[in-house]
Amino acid sequence: MIELDDIHKRFGRNEVLKGITASVRKGEVVCIIGPSGSGKSTILRCINGLESYDGGDIRIDGMRVDRNAASIVSIRTQVSMVFQRFNLFPHRTALENVVEGPIFVKKEPRAQAIERGRALLAQVGLIDKADSHPPQLSGGQQQRVAIARALAMQPKAILFDEPTSALDPELVGEVLSVMRKLADDGMTMLVVTHEMGFAREVADRVLFIDGGVIVEQGQARTVLNKPRHPRTLDFLRRVLHPL
Amino acid sequence: MEKFWRDAVEFLPILLNGVALTIIVTLGSLILSTLLGLVWALMRVSGIPALSWSSAAVINVIRGIPIIVLLFYLYFVMPDLGIALTALQAAIVGLGIAYSAYQAENFRAGMEAIDKGQIEAAQAIGMGWWLTMWRVVLPQAVRVVLPPYGNIMIMMLKDSSQASTITVAELALQGKLIASSTFKNTSVFTLVALMYLTMSIPLILLVRHFEKQAARR
């Protein structure tokens, strides 16, 4: 469903992606792990055209991603994104954040969008916060609203860019459990994360990226429990046992 | 003091005529400068080099010309080019253009103060440039922009007196005319000053309200 073929990306003279080839099938949950600065987030940002790429091909169900083409709008409505820092619109309520895309981008009838928006807020456990503004919500609540906002577009897949990295530790669980439920419901997900527990339990596959290349990939259990590459081993050791 | 009150009663009706014109000039040029300023600012942040350069050039040219020269140009030179404006029209257009540069810089600062993540979130749900501006950037920029906007309003109220140089009989010119025919300079100009101050006070309070509101977010 999402196919990356030999993606290269440069920021000035710094090449951050050096030929990434990967794919995500429908209904699959793929986690991308790796040290910071390895290019993990850049991959996601290229997939929905927030960033351009310099070489290779990204295709969503066969449609090529080109951030300067008119087709990018349609791609973005098919592939939603959840950001590390939530990026909710602070001047709108939780419900308004959720229905913004359906009403103004997809031109859905307002009543229908609101009805579905409320259902989505209920799904992430925040129906009682529908009329709250983002600054009145905790980080975990904001991220759950952001997930509802992504779902409201009725996407084929959702990209998660370190969705729990900006959260206080005690709020991580509520976001992960919403994500796990999505995975159980068959949502296609590509998740950049440092939550190894989540990757181990929820992901079908894990990609380990370092220095702009995929160092190792495979079934979550295999990569996380019995990594073959020394760099993967070293990274996992540092993440799991920081002292 | 008693003399001053007598003069006040006598001159006030004439000066109030001037006040009406002052308000018309200020409001007219405020609306024009806001619209033009918004256009310059949107061009500036459009990301299209030709638009953003030409907007920067226009802003700099406008900023570099004194308001009074702009007014003379519109009122005395434009008729030679076949465009005859009344004094009132020339005053509104001139002040509107002159202040559009400051409005534009204020609006631009407001838009650039919006977190980049907001724009990315808008793009990520498929919004194009206009929709992102209209639904996400401008509503948030308004809060940043309002306090300086209020200050610009006060400056425009006072600078509307420059319209007197092209014969618009607003408050300052009415005052000058009365003073030169009665020689009661002290009474007249004290009255004029007090009237400008009276008109400014609501605006000053408005700015304070905007500032409090902006600080609360």
Side-chain angles (χ1 to χ4, degrees), chain A residues 41 44-45 47-51 67-92 96-108 113 133-136 142-143 145-146 148-155 157-161 166, chain B residues 34 38 41-53 106-150 206 209-217:
Chain A
S41 296
L44 294 195
R45 295 168 58 80
I47 291 174
N48 76 345
L50 286 181
E51 212 75 73
R67 79 189 299 256
N68 296 317
S71 60
I72 193 67
V73 170
S74 140
I75 285 172
R76 284 170 176 161
T77 57
Q78 294 172 45
V79 181
S80 292
M81 180 134 174
V82 172
F83 297 88
Q84 180 176 355
R85 305 198 45 84
F86 334 130
N87 296 354
L88 291 179
F89 306 129
H91 56 302
R92 306 201 185 283
E96 286 168 346
N97 265 279
V98 174
V99 300
E100 182 77 14
I103 292 176
F104 290 93
V105 179
K106 296 182 88 176
K107 312 272 183 226
E108 271 178 39
H133 283 82
Q136 300 165 319
Q142 289 191 51
Q143 194 61 299
V145 173
R149 177 173 69 177
L151 286 170
M153 300 304 287
Q154 298 180 304
I158 304 184
L159 311 172
F160 291 85
D161 187 5
Chain B
T34 303
L38 202 53
L42 287 173
M43 283 167 69
R44 194 74 191 270
V45 300
S46 66
I48 301 166
L51 286 182
S52 116
W53 286 340
N106 181 28
F107 293 154
R108 180 171 71 103
M111 289 184 225
E112 285 176 351
I114 305 303
D115 179 24
K116 239 184 92 205
Q118 290 289 308
I119 294 161
E120 292 189 343
Q123 290 177 337
I125 55 172
M127 288 190 173
W129 192 85
W130 282 105
L131 204 52
T132 303
M133 279 292 156
W134 184 244
R135 296 289 306 169
V136 177
V137 175
L138 291 178
Q140 295 186 65
V142 163
R143 285 178 196 143
V144 186
V145 158
L146 274 181
Y149 187 82
L206 192 65
H209 172 71
F210 287 155
E211 277 168 350
K212 274 200 202 126
Q213 217 174 25
R216 221 184 308 138
R217 310 276 170 180

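What you see is a predicted model; the values in this text were computed from it and never measured.
Ranked by heavy-atom pairs shorter than 4.5 Å toward chain B, the options S80(A), P90(A), P135(A) are led by P90(A). Contacts with chain B were tallied for V105(A), V73(A), V82(A); V105(A) has the most, counting heavy-atom pairs under 4.5 Å. Per-residue counts of heavy-atom pairs under 4.5 Å with chain B were compared for L159(A), N48(A), L50(A); the largest is that of L50(A).
The backbone N or O of G117(B) sits less than 3.5 Å from a side-chain atom of N87(A), completing a donor-acceptor pair. Judged purely by atom type and a 3.5 angstrom limit, R92(A) uses its side chain to pair as donor or acceptor with the backbone of R135(B).
For L88(A), the part lying near chain B is the backbone, with the side chain staying farther off; criterion is any non-hydrogen pair under 4.5 Å. Proximity to chain B is limited to the side chain of F83(A), based on heavy atoms less than 4.5 angstrom apart.
Inter-residue side-chain proximity for M81(A) and E120(B) is flagged as unmet; no heavy-atom pair is nearer than 4.5 Å. E100(A) has its side chain within reach of M127(B): a pair of non-hydrogen atoms, C-beta onward, lies under 4.5 Å apart. The closest side-chain heavy-atom distance from I125(B) to R76(A) is not below 4.5 Å.
The two atoms that bring A121(B) and F89(A) nearest to each other are CB-CE2, 4.0 Å, heavy atoms only.
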